[in-house]
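These notes are about the structure you will find just below.
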Amino acid sequence: MDYLESLNDPQREGVINTEGPCMVIAGAGSGKTRVLTYRIAHLIQAKGIDPFNILALTFTNKASAEMRSRIERMVGIEAKNLWMGTFHSVFAKILRYEADRLGYPSNFSIYDTEDSKTLIRQIVKELQLDDKVYKPNLVLNRISGAKNRLVSWQEYINNPIYQADDESAMKPHMGKLYKMYCERCFRASAMDFDDLLFNTNVLFRDNPDILNKYQHRFKYVLVDEFQDTNLSQYLITKRLSAVNQNVCVVGDDAQSIYAFRGADIKNILNFEKDYPDLKVIKLEQNYRSTKVIVNAANSVINNNTAQLKKDIWTANEEGDLIELLKANSDNEEGKLVANSIFEEKLNHQIRNQEIAVLYRTNSQSRAIEEALRRANIKYKIVGGLSFYQRKEIKDILSYLRFVINQNDEQALRRIINLPKRGIGPGSVDKMIVAANDHGVTLWEVVSTIFQFIPGRITNAIDQFATMIKSFMIEVQKKDAYEAASYITKQSGLLRELYEDKTIEGLSRYENVQELLNAIKEFVDSEENTDKSLGAFLQEVALLTSVDEDKDEDNDKVTLMTIHMAKGLEFKIVYLVGMEEDLFPSQMMLTSRADLEEERRLFYVAITRAERKLFLTYATSRYRFGRLKSCEPSRFLEEVDSKYIKVNRKFQKEPILPPQTSHYAKSLVSSVNRTAPKQNTINYTHTPSDDFKASDTSGLTHGMKVEHPKFGFGNVVSVDIEGANRKAKVLFDNFGEKTLLLSFAKLKIHT
DNA sequence: GCGTAACCTGTTTTT
DNA sequence: CAGGTTACGC
């Protein structure tokens, strides 16, 4: 068993300690995924456990795909039978199978966030509430929070604490919205993301026989990134492993960055209480990064109060200092990064794919992208707006969804007038009223329109209904690919896109082709026995991006948010936008707990780097369309300064004198120590060859002038007061200067 | 009912 | 800046 030899003691313990509850606290880069995959391999090969009896839960599709392929490499084809996937996808599968126990059909739809928000917007409108007060985002967050804590709408409405809470927030109707939202989802045979977990809990709570079945099926339960579980997920895990108690959770409290989604570090602490004979293993040796990076990360995370005690160390080399780059704007920041990447590649034979640029918010990618494009550096963006959220893709998926589930009102409302067929909002409203009056679904009204509304518009509606009915029949006869291409064509969607010859239209058309390819792939895959459209939709509902593996060229710089980067590692990492209000985000500055989460995010970012880390910030940045000046992030001064080198190599302009910054004071002063005095080094203007002072008697506002030392500028004003005429000139590189015209040599440029 | 144009608003992170 | 929403004229 040579694979055990390659592990250190605590790692090995984590692998072979298969019986009973076990918690692995794994520091960044300590071989956490290795322990998990080896543990599963060990279960299968050494212990002879049927992969069918093993359940491994992750948080992202990426992590689960990665782990599956690693295990396959170790144990071979047998790994196919493993139950492995995200919480959401695994329990969606189980819910489909057991749906009748919850009163749902097994073909229920899954609403994504956009569907949810649209539905909330509709309900708020119907109740004639103020949509400025009941913003969809806010309402959905509130509902989501309740579901993640397993608070049903019934409990919510009956609990005076929530009521009081909402009233003091001037949102007294929140409970009613929660109730209506749930009722409408149920009526639409739809579950949102949170429902998948919430309803799994309900299923297990109310159906002991079903719980029992899965308890015996999943003899071994493993959870990755345990610090990111919310109460709902925690209880599912606990229920499932209640009989065998063979539950192994792996996580790092220092990397908990999903509290905004209901994740609760308390789950790690509760775990020890729930399982008194819990085996706790700590992985503290970092194999990923240099001493500089590990120690710098430690110095940052020590500023947090809420954390488990551990001591992360590494035997790796000392490594290069962290470099700090300052830019004057977001665009310059991009250029700085591009230049630096160019240098690193040149000097150290680094490949693009070993480099990542990480940022706090998706919107920051623009400036970086542009700079990389100009520098001819290949890059790819991970995340961002997901493929399946694109308008044209969602349009088609809505058709497919509706043909499978006619209760799906969000899908119906989306497609009923798409492409334009003369059924406007007015008609739709009328039909909704009719549906509500008769207590039937919208589709029942649409499909038998003449029974409900006589009149001219009914013709278009009837045609639409007839088309959908024909789709429903075709779907019975065809596989997913044939059905999808038939529907895309017959609905007129494809033609509409084809006729759009703009660049965006072309790319939309290509995206649709790509979707059809993905469906074709699904149908052709040996693994999928059920090739129906319904089966495809089940697979696709929780996917976020199409596999990029087919891209022939993998040597690209990776751009992504820090959240997406969790679990990954790169030789060189650029962490951009180290500015107050951006990172930490201004949304997170309200409480200590929130700031600590941001700090953990910073910790995650630092620890992605293997060899070298660059931190960059800009002093000004375009935000919501307007140029705003920025201060360096407070986090910068939390990094022990002995690990940081201030780098001016790529800078065009001298570092400014210390700003009156409340934060980063030590940082700015250290910057200033080495900074050249303004006006002395970088900007000795070389006068034009033909420089000759002009006669300045006619000098007026707005003229363009050249000064032998200060260079070019524009005249702001001329002061004639007194004997000495003075001119105020705004120089391009030196700011505003007041010059005595009797002395100053100025050349007027016309 | 449809299309255009002005307007407004908001930017955290993901399943 | 960009997406979504509203107001208007056809």
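In the text below, chain A, chain B and the rest are named by the order of the sequence lines, each starting its count at 1.
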Discussion item. Ring pair (Phe, Tyr, Trp, His ring centres under 6.0 Å) for A/Tyr258 and A/Phe260? Distances and angles first, verdict last.
Written reply: CA-CA 5 Å; A/Tyr258 284 104; A/Phe260 72 93; 5.6 Å; yes
Discussion item. If I take atom CZ from residue A/Phe193 and atom CG from residue A/Leu542, how far apart are they, to the nearest 0.5 angstrom?
Written reply: 6.0 Å
Fill in: Start and end of chain A contact along DNA chain C [non-hydrogen atoms, under 4.0 Å]
C/dC1 to C/dT5
Worksheet item: Which distance, rounded to the nearest 0.5 Å, do you find between the CD of A/Glu580 and the CZ of A/Arg634?
Response: 4.0 Å
Worksheet item: Are the charged groups of A/Asp224 and A/Lys32 less than 4.0 angstrom apart, N to O?
Response: yes
Worksheet item: What distance separates A/Thr229 OG1 from A/Tyr234 OH, expressed to the nearest 0.5 Å?
Response: 8.0 Å
Practice prompt. Under 4.0 Å from any atom of DNA chain B, heavy atoms only: list the residues of residues 415-429 of chain A that qualify, in numerical order.
Written response: A/Asn417, A/Lys420, A/Gly422, A/Gly424, A/Pro425, A/Gly426, A/Ser427
Practice prompt. Would you give a per-nucleotide map of nucleotides 10-15 of chain B, 5' to 3', where B means the base has a protein non-hydrogen atom under 4.0 Å away, S means only the sugar-phosphate does, and - means neither?
Written response: BBBBBB
Worksheet item: With side chains defined as the heavy atoms from C-beta onward, is the minimum distance between A/Arg401 and A/Asp115 less than 4.5 Å?
Response: yes
Discussion item. Among A/Thr58, A/Thr237, A/Asp228, A/Thr200, which residue satisfies the side chain to side chain contact (heavy atoms under 4.5 Å, CB included) criterion with A/Phe87?
Written reply: A/Thr237
Item to complete: Output yes when a side-chain donor or acceptor of A/Asp195 lies under 3.5 Å from a complementary backbone atom of A/Phe198, and no otherwise.
Response: no
Worksheet item: Taking it one step at a time, do A/Arg184 and A/Glu126 satisfy salt bridge (Lys or Arg N to Asp or Glu O under 4.0 Å)?
Response: CA-CA 12 Å; A/Arg184 295 286 283 274; A/Glu126 281 168 37; 3.0 Å; yes
Discussion item. Regarding A/Arg366, tell me which of base, sugar-phosphate or nothing describes its non-hydrogen contacts under 4.0 Å with the strands shown.
Written reply: sugar-phosphate
Response to the item:
To the nearest 0.5 Å, atom CG of A/Asp252 lies from atom CD1 of A/Ile301 at 8.0 Å
